[in-house]
> 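For reference, the structure I am asking about is given below.
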Protein chains: 2
Amino acid sequence: MADSMDVVFEALASPARRKILDIVKDRPGCSVKHVAGFFEVSRIAVMKHLQILELADLIVSEKDGRSRRLFFNCVPIQMIYDRWTSEYSALWASNLTKLKYRIESREKTHGRK
Amino acid sequence: MADSMDVVFEALASPARRKILDIVKDRPGCSVKHVAGFFEVSRIAVMKHLQILELADLIVSEKDGRSRRLFFNCVPIQMIYDRWTSEYSALWASNLTKLKYRIESREKTHGRK
DNA sequence: ATAATAGGTAACCAAAAGGTTACATATTCA
DNA sequence: TGAATATGTAACCTTTTGGTTACCTATTAT
């Protein structure tokens with residue numbers, strides 16, 4: 001269950017890959033070259049990131065002539081969102097509960113100073 | 001902006017660290033030893049994970065005698081949630097938009113075949 | 001006081017991540 | 001056809017990550 005999302009978490013862990021997601025989201029159907037244009041590292045490095053993103057299903061692609069069209073897929077993010085919200089939904093009920101939670105926790109523990 | 005959350009994304013990338021979050025969430029104020037009890041790796045390895053989680057502010061702790069009390073802090077996750085929801089809020093408006101999005105993207109691109 | 005307990009630090013090591021260059025393939029354009 | 005373009009693959013290298021053992025420090029319990 002959590003294991004099936006490992007690749008998604010890992011994919012999102014890299015700033016470069018998050019940047020790629022933003023780029024592709026911003027221009028659906030763009031090419032690898034277009035994405036690589038935003039980076040100073042080699043096109044190969046960018047392609048490796050794209051492979052990881054495709055493995056996590058955060059990017060889907062299709063060949064179109066000599067280029068490849070890239071599309072952002074938010075479904076895995078939605079799944080993570082659902083995972084966290086179901087596990088931590090009580091905490092997220094309001095913006096205030098996050099503070100309440102810590103206060104209550106510490107009260108229970110007769111913490112010394 | 002995205003940079004300030006790098007440590008959080010990186011911290012969440014590890015299944016072991018997500019497991020630690022669940023353990024600590026489940027027993028607020030628990031000790032390092034308690035957490036380590038759930039793992040087969042050494043206590044030192046677990047402590048390194050805890051350090052990363054503390055750096056990301058996902059875990060806060062306080063010394064209590066010879067032991068250390070650990071607390072889960074969901075604020076950084078809330079921040080990520082806000083980041084994604086603000087950036088991708090249009091996609092998350094309903095559970096259906098994620099499909100709609102891909103369809104529209106592909107329509108725009110006169111894809112062959 | 002001294003044993004046992006809980007945690008912290010240092011030095012080291014293997015595997016994985018992220019990058020490179022070089023080369024190969026397939027498609028379009030002139 | 002032949003050159004330019006866009007992507008794909010292979011081999012390799014360096015740094016980071018995640019783990020280990022050994023030892024040190026502080027606190028509690030007998």
Side-chain angles (χ1 to χ4, degrees), chain A residues 2-3 5-21 23-24 27-56 58-71 109-113, chain B residues 2-3 5-21 23-24 27-56 58-71 109-113:
Chain A
D3 290 340
M5 293 194 297
D6 278 6
V7 284
V8 181
F9 276 109
E10 196 195 310
L12 290 175
S14 155
R17 288 193 286 269
R18 294 199 300 277
K19 181 177 172 183
I20 290 176
L21 285 188
I23 291 166
V24 174
R27 185 179 293 219
C30 71
S31 67
V32 173
K33 186 178 180 61
H34 175 256
V35 173
F38 289 87
F39 291 88
E40 308 221 320
V41 298
S42 74
R43 174 184 59 87
I44 315 300
V46 172
M47 277 187 34
K48 286 191 181 180
H49 284 304
L50 281 170
Q51 280 166 15
I52 291 171
L53 288 167
E54 285 213 54
L55 219 90
L58 285 161
I59 292 282
V60 291
S61 71
E62 61 188 15
K63 253 319 190 66
D64 179 18
R66 69 184 156 184
S67 90
R68 172 173 293 276
R69 298 190 166 281
L70 304 170
F71 300 91
T109 57
H110 61 74
R112 60 161 64 177
K113 176 128 189 214
Chain B
D3 291 340
M5 293 194 297
D6 278 5
V7 283
V8 181
F9 277 110
E10 196 195 310
L12 290 174
S14 156
R17 289 193 284 270
R18 294 199 299 278
K19 182 176 171 184
I20 290 177
L21 283 188
I23 292 166
V24 174
R27 183 179 294 221
C30 71
S31 67
V32 172
K33 188 179 179 59
H34 175 256
V35 173
F38 288 87
F39 291 87
E40 309 220 319
V41 299
S42 73
R43 174 184 59 87
I44 316 298
V46 173
M47 275 187 34
K48 287 192 182 180
H49 284 305
L50 281 170
Q51 281 165 16
I52 291 171
L53 288 167
E54 284 214 54
L55 218 89
L58 286 160
I59 292 282
V60 291
S61 71
E62 61 189 14
K63 254 316 189 69
D64 180 19
R66 69 183 157 185
S67 92
R68 171 173 292 275
R69 297 189 166 285
L70 303 171
F71 300 91
T109 58
H110 62 76
R112 60 162 63 175
K113 176 147 206 183

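Letters go in sequence order (proteins before strands), and every chain restarts at 1.
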> Just how far is it from atom CZ of R18(A) to atom CZ of F9(B), taken to the nearest 0.5 Å?
4.5 Å
> Taking atom P of dA17(C) as reference, at what distance in whole Å does atom CG of D6(A) sit?
12 Å
> Rounding to an integer number of Å, can you tell me how far R43(B) CZ sits from dA22(D) C1'?
12 Å
> Using a 4.5 Å cut-off on heavy atoms from C-beta on, say whether the side chain of V24(B) contacts that of C30(B).
yes
> Sequence neighbours left out, what pairs pass side-chain hydrogen bond (donor to acceptor under 3.5 Å, both in side chains) with at least one residue falling in residues 33-47 of chain B?
R27(B)-H34(B)
> Does R66(A) have a side-chain nitrogen or oxygen under 4.0 Å from the phosphate oxygens OP1 or OP2 of dC29(C)?
no
> To the nearest Å, give me how far apart CG (L50(B)) and P (dA6(C)) are.
16 Å
> Ignoring hydrogens and angles, write down the donor-acceptor pairs under 3.5 Å from the side chains of residues 45-53 of chain B, residues two or more places apart or on other chains.
unit_1, atom_1, unit_2, atom_2, d
H49(B), ND1, R17(B), NH1, 3.0

> Only pairs with both distances under 3.5 Å count, Watson-Crick or wobble alike; so what is the partner of dA4(C) in this structure?
dT27(D)
> Using a cut-off of strictly less than 4.0 Å between a heavy atom of the residue and any atom of DNA chain D, enumerate the qualifying residues of residues 32-40 of chain A by number.
V32(A), K33(A)
> Rounded to whole angstrom units, what separation is found between the CZ atom of R68(B) and the P atom of dT25(D)?
18 Å
> Just verifying a value: how many Å separate L12(A) CG and L21(A) CG, rounded to the nearest 0.5 Å?
6.5 Å
> Please work out whether dA3(C) sits syn or anti, treating a glycosidic angle within 90° of 0 as syn.
syn
> Without decimals, in angstroms, what is the distance between M47(A) CE and dA17(C) P?
18 Å
> Base contacts versus sugar-phosphate-only contacts with protein, heavy atoms under 4.0 Å: please encode nucleotides 10-19 of chain D as B, S and - from 5' to 3'.
BB-----SSB
> Once you round to the nearest 0.5 Å, how far does CZ of R69(A) lie from OG of S61(A)?
11.5 Å
> Among residues at least two apart in sequence or on other chains, which ones pass side chain to side chain contact (heavy atoms under 4.5 Å, CB included) with A13(A)?
A13(B)
> Taking CG from D64(B) and P from dA6(C), how many angstroms apart are they, rounded to a whole number?
13 Å
> How close or far is atom C1' of dA26(D) from atom CD of E62(B), stated in whole angstroms?
17 Å
> Among I59(B), I23(B), I20(B), which residue meets the side-chain contact (heavy atoms from CB on, under 4.5 Å) test with L70(B)?
I59(B)
> In whole angstroms, how far is the C1' atom of dG18(C) from the CZ atom of R18(A)?
16 Å
> What is the minimum heavy-atom distance between K19(A) and F38(A), and which atoms define it?
NZ-O, 3.0 Å
